[in-house]
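Below is one structure, written out as structure tokens, with a few remarks after it.
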Amino acid sequence: MALQAAALLPSAFTTRKEGKSGAPFKDSSLFGVSFSEYVKADFNSSALRCKREYNRRNGVVRAQTIASAPSVTRAAPEGKKTLRKGSVVVTGASSGLGLASAKALAETGKWHVIMACRDFLKAERAAKSAGIAKENYTIMHLDLASLDSVRQFVDNFRRSGRPLDALVCNAAVYLPTAKEPTFTAEGFELSIGTNHLGHFLLSRLLLEDLNKSDYPSRRLIIVGSITGNTNTLAGNVPPKANLGDLRGLAGGLTGLNSSAMVDGGDFDGAKAYKDSKVCNMLTMQEFHRRYHEDTGITFASLYPGCIATTGLFREHIPLFRLLFPPFQKYITKGFVSEDDAGKRLAQVVSDPSLTKSGVYWSWNKDSASFENQLSQEASDIEKARKVWELSEKLVGLA
Ligand code: LMG
Ligand code: NDP
Ligand code: PMR
């Protein structure tokens, strides 16, 4: 793994802002352009906790489920003295942010990481060269570009008998130079198909497993990005994210009789990626609205910073790959090393103070996490509901 040594930021674990109520925080900015918001501390109220406990004991979850769920031994969380090791699934843990977060979580000694990867050997090599101890990880095959593979993964995971305490939807593809669309096994445009639809099915199916866990704080994290948010400078670099009226998604993104793009427009690989990140952030919020109160599961998203050295840019032109890291390091100052970004994601998975649900986390330059404001489109309630319903149809849940 090419974990960059250039750590511009101190560890996110050690410097966390507490008592954020009412305090404005600034996002990292370019030339003084910054985005801030008032952060409200809203950790679980006792009333909500009571309802949650009731629902958990009675197995209340409105998720669509498949029949083969094994039973997970449950114990009353309040009766526990020592916390067992958590069990977290991280998709796309064979490189970049996924690998760095797997390493950060494993190193705490508190987590066993299930690395859900499409390339088994690559993942094994990556885990070894990152120095993740054998007993702290398991690699399981998952190709998000195939819904059969997603269902197979869920089956295999259940057969393993492990509980599911946290799920991290991290994997993504970015195809900025593609002139024509490429497609998943089911014929969806590859960026939306992988980044959004594959994760949508995975998280819908695994919600049941998360709900069965007796772990004190169960979390479903979906990685978002600044580039999907048009309320930022980065989100205004063309082509901009825009889901339009979702006519392409409704048409199945096949590129045959309908468009391969969510908004029904001409194919643009960079836009498809940014649109997929908007879908990711909308999905997280829709999960929150539909399930947080009943299940107590924390749903959250994040922008980990610009990790300009990862494999995400593998399809970009060589000049871009050469200039992008120094551009982000010295000009935008949005650069973050893979190591530090991994710690940020690990923090969202396991920090006891980050239990708030429905939140999009970002970090200040001093590495303090704060709740960030999503763009208008990425926080559009009606659009979130429509994306959810159309996605359900496409992945065969409705
Ligand atoms: C497209 O290119 C590609 O075509 C597409 O394939 C895809 O990749 C897409 O978004 C991804 O980008 C768009 C174009 C940028 O990309 C470029 O060609 C530029 C590449 C830049 C890469 C970084 C190189 C920087 C070079 C500097 C050298 C650094 C060296 C460091 C050395 C350090 C030494 C100390 O898009 C453009 O079209 C560029 C012009 C647009 C700029 C937009 C800027 C934001 C505008 C925001 C205005 C909106 C207002 C928002 C509110 C803000 C208020 C101010
Ligand atoms: P990488 O390319 O390094 O990692 C992406 C991972 O996704 C790889 O492990 C890759 O597997 C995996 N993957 C791709 N397609 C599939 C598939 N079909 N099935 C299973 N796994 C798949 O990129 P990053 O680490 O940068 O990206 C991770 C996340 O971070 C993404 O969600 C991205 O949107 C987000 N992000 C990244 C930023 C950045 O600056 N880099 C900024 C903001 C957000 P393989 O190793 O086999 O290719
Ligand atoms: Mg962007 C504060 C300024 C900032 C930040 C934080 C990012 C992050 N970018 C910023 C500014 C700019 N970028 C500016 C001013 C430009 C024009 C020169 C610019 C260009 C640019 C390109 C061409 N940026 C890019 C690209 C990509 O191909 C990347 C992309 O959009 O992938 C979808 C990208 C990114 N810039 C970022 C981040 C985080 C990315 C990676 C995208 C992601 O993971 O979501």
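Note that the numbering runs from 1 along the sequence shown for the chain. Computation of the quantities below employed the complete heavy-atom set of this structure, encompassing side-chain atoms and omitting hydrogens, waters and symmetry-equivalent molecules. Each ligand, and each atom within it, is numbered from 1 in the order the structure gives. Just so it is clear, the model here is predicted, and its values are computed rather than measured.
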The answer for which part of Leu312 has a heavy atom under 4.0 Å from ligand 2 is both
Option among Thr138, Asn136, Asp165 that satisfies the side-chain hydrogen bond (donor to acceptor under 3.5 Å, both in side chains) test with His112: Thr138
Any idea how Tyr273 and Tyr174 line up, ring-wise: parallel (<30°), tilted (30 to 60°), or perpendicular (>60°)? tilted
Does only the side chain of Leu142 get under 4.0 Å from ligand 2, or the backbone, or both, or neither? Count heavy atoms. backbone
Within less than 4.0 angstrom of ligand 3, does His316 place any heavy atom? yes
Of all protein heavy atoms, the one nearest atom 18 (N) of ligand 2 is Asp143 OD1, 2.9 Å
Nearest non-hydrogen contact to atom 22 (C) of ligand 3 from the set Tyr174, Tyr273, Phe320 belongs to Phe320
Salt bridge or not for Arg84 and Asp214, using N-O below 4.0 Å? yes
Name the residue from Arg158, Arg162, Arg218 that meets the side-chain hydrogen bond (donor to acceptor under 3.5 Å, both in side chains) definition with Asp209. Arg158
Is Lys274 close enough to touch ligand 3? Criterion: a residue heavy atom under 4.0 Å from a ligand atom. yes
Where does the angle between the aromatic ring planes of His292 and Phe299 fall among parallel (under 30°), tilted (30 to 60°) and perpendicular (over 60°)? perpendicular
Of the side chain and backbone of Val173, name the one, both, or neither that has a heavy atom under 4.0 Å from an atom of ligand 2. side chain
Please work out, at 4.0 Å between heavy atoms, whether the side chain, the backbone, both, or neither of Glu338 comes within that distance of ligand 2. neither
